[in-house]
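Accompanying notes for the structure given below.
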Amino acid sequence: MKIFITGGNGLVGTAVTSLLLQQRHEVTHMQRQAVPDGFCDGNVRTILADGTGSGPWQDEMIDHDVVINLAGATIFTRWNEKNKSLIYKSRIITTRNIVQALGRKGNRVKRFISTSAVGYYGPHGDELLTEEDPPGDDFLARVTRDWEGEALLAERFGVSTAITRFGIVLSEKGGALGQLIPLFRLGLGSPLGNGRQWFPWIHREDLARIILFLVDNTRIRGPVNCTAPAPVTNRELTTVLARVLGRPAFLPAVPSFALKLVLGEFASVLLGGQRAVPTRLIGEGFPFSHRSLAEALEDILKAG
């Protein structure tokens, strides 16, 4: 198949691309600018375009069988008004432009997989969250709600659409874990706030395999929680990561007010959390390779 990926050079996109190439699919990446250390493979075609604007990239995209939308500015930053606008527009406008193109004459795309996040639910304490639960009302929940709404409009053009609600992606390549490991190796790891907030994690390898699973299973439509079956609390994460690294974890928790002072509104993401579980994937029999946080961290640290 011919597969078009936005954000293909990112943390998740590179893992997805590697698996697609192993299966001998043709892959096209769309990115805003050339990336010096991006994905290097002669079998990947790259086009430079900004998805927040219309252009020739839309006609190129609809000459593919599958579109995987991974585009979006990072949320791991202080949320001032400028950054919040970028977080919103990079997701909603890009997705809107993708879907608009799917309605054009000559479209051959039959499957659309668009990213979202378990932040859709907002903070819910200890409540188990499945794909049936409603959205929250904080900033990230509003972004993901609108993002999903734009993506699901592809169904009106006969394009089977799945929404991948990412948990926190664990990888040796960076992401949240890349920020934590240096601190823990120095013996500076500690829980955040009260440590009771849930940490809905997913190993990058499993996330890439989930996306390919959804490429092949076009009957699965709508939202899919992309998290490991056993979420942990922030305090449990601290304990397990310290143990795997062979480092102490006896420092007092970082106070909530200190996180809010340094990170502003973004601190709510770290202090809230969601106890999201992959109900649909379990029901479909998806074979997780990494079900235990300790095993996943050991695998990641071995690879790193």
Side-chain angles (χ1 to χ4, degrees), residues 1-8 12-13 15-20 22-27 61-62 64-72 91 94-95 98-99 101-103 107-121 128-135 144-169 200-231 274-291:
M1 290 189 291
K2 291 179 64 177
I3 299 179
F4 188 96
I5 307 178
T6 65
V12 177
V16 171
T17 299
S18 293
L19 291 181
L20 290 171
Q22 289 174 25
Q23 296 184 4
R24 300 189 180 280
H25 295 294
E26 296 179 44
V27 179
M61 182 194 74
I62 63 175
H64 289 70
D65 302 294
V66 178
V67 173
I68 301 173
N69 179 25
L70 302 172
R91 289 163 170 76
T94 297
T95 304
I98 289 171
V99 172
L102 297 178
N107 172 49
R108 55 176 285 193
V109 176
K110 298 301 180 186
R111 182 62 158 164
F112 179 37
I113 298 172
S114 193
T115 309
S116 183
V118 294
Y120 172 89
Y121 305 107
L128 279 173
L129 298 169
T130 75
E131 293 87 351
E132 301 300 320
D133 285 292
T144 51
R145 179 199 63 203
D146 292 353
W147 195 7
E148 294 186 12
E150 294 289 343
L152 289 170
L153 292 175
E155 288 278 354
R156 65 184 177 183
F157 300 125
V159 180
S160 171
T161 302
I163 305 294
T164 51
R165 289 178 180 163
F166 288 10
I168 299 169
V169 184
W201 63 276
I202 183 75
H203 192 297
R204 185 177 75 136
E205 178 185 292
D206 269 341
L207 180 53
R209 291 176 55 249
I210 289 168
I211 291 173
L212 266 68
F213 181 77
L214 295 174
V215 167
D216 293 333
N217 292 275
T218 57
R219 61 186 172 72
I220 302 175
R221 293 175 145 151
V224 177
N225 283 347
C226 298
T227 61
Q274 296 81 26
R275 194 181 179 188
V277 288
T279 304
R280 294 193 68 188
L281 288 172
I282 292 171
E284 293 288 343
F286 176 78
F288 286 90
S289 295
H290 306 282
R291 304 176 72 94

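Excluded from the calculations below are hydrogen atoms, water molecules and symmetry mates; all remaining heavy atoms, backbone and side chain alike, are included. All residue numbers in this chain count up from 1 along the given sequence.
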Mind telling me whether Phe4 and His64 have parallel, tilted or perpendicular rings, with 30° and 60° as the class edges?
perpendicular
Working to the nearest 0.5 angstrom, can you tell me the gap between Glu284 CD and Asn217 CG?
6.5 Å
Where do His25 and Gln23 land on the side chain to side chain donor-acceptor pair (under 3.5 Å) test, with the steps shown first?
CA-CA 6 Å; His25 295 294; Gln23 296 184 4; 3.3 Å; yes
Spatial distance of atom CG (Leu207) from atom CD1 (Ile168) [nearest 0.5 Å]:
12.5 Å
Sole residue of Arg108, Lys2, Lys110 in salt bridge (charged side-chain N to carboxylate O under 4.0 Å, His left out) with Asp65:
Arg108
Mind running side-chain contact (heavy atoms from CB on, under 4.5 Å) on Ile163 and Trp147 for me, showing each step along the way?
CA-CA 10 Å; Ile163 305 294; Trp147 195 7; over 6 Å; no
Check: Arg91 side chain, Thr115 main-chain N or O, donor-acceptor pair, under 3.5 Å:
no
Indicate yes or no: does Arg165 engage Glu148 in a salt bridge with an N to O separation below 4.0 Å.
yes
Kindly compute the distance separating CD (Gln274) from CG (Leu129), expressed to the nearest 0.5 Å.
7.0 Å
Going by salt bridge (Lys or Arg N to Asp or Glu O under 4.0 Å), name the residues that satisfy it together with Arg221, two or more places apart in sequence or in a different chain.
Glu155
Would you check if the side chain of Asp206 reaches a backbone N or O of Phe288 as a donor-acceptor pair within less than 3.5 Å?
no
State the CD1-CD1 distance between Ile210 and Ile202, to the nearest 0.5 angstrom.
4.0 Å
Distance in Å, Thr161 OG1 paired with Leu214 CG, rounded so as to fall on 0.5 Å steps:
11.5 Å
Ignoring hydrogens and angles, tell me if any N or O in the side chain of Ser116 forms a donor-acceptor pair with the backbone of Thr164 under 3.5 Å.
no
Please report the interatomic distance OG1(Thr130) to CZ(Arg280), rounded to the nearest 0.5 Å.
10.5 Å
Yes or no on side-chain contact (heavy atoms from CB on, under 4.5 Å) for Thr279 and Glu132, after CA distance, side-chain angles and deciding distance?
CA-CA 9 Å; Thr279 304; Glu132 301 300 320; over 6 Å; no
Does the side chain of Asn69 come under 3.5 Å of the side chain of Thr95 through a donor N or O and an acceptor N or O?
yes
Determine yes or no for a side-chain-to-main-chain donor-acceptor pair under 3.5 angstrom, with Asn107 supplying the side chain and Leu102 the backbone.
yes
For Leu281 and Phe213: C-alpha separation, side-chain torsions, deciding distance, then whether side-chain contact (heavy atoms from CB on, under 4.5 Å) applies.
CA-CA 10 Å; Leu281 288 172; Phe213 181 77; 4.2 Å; yes
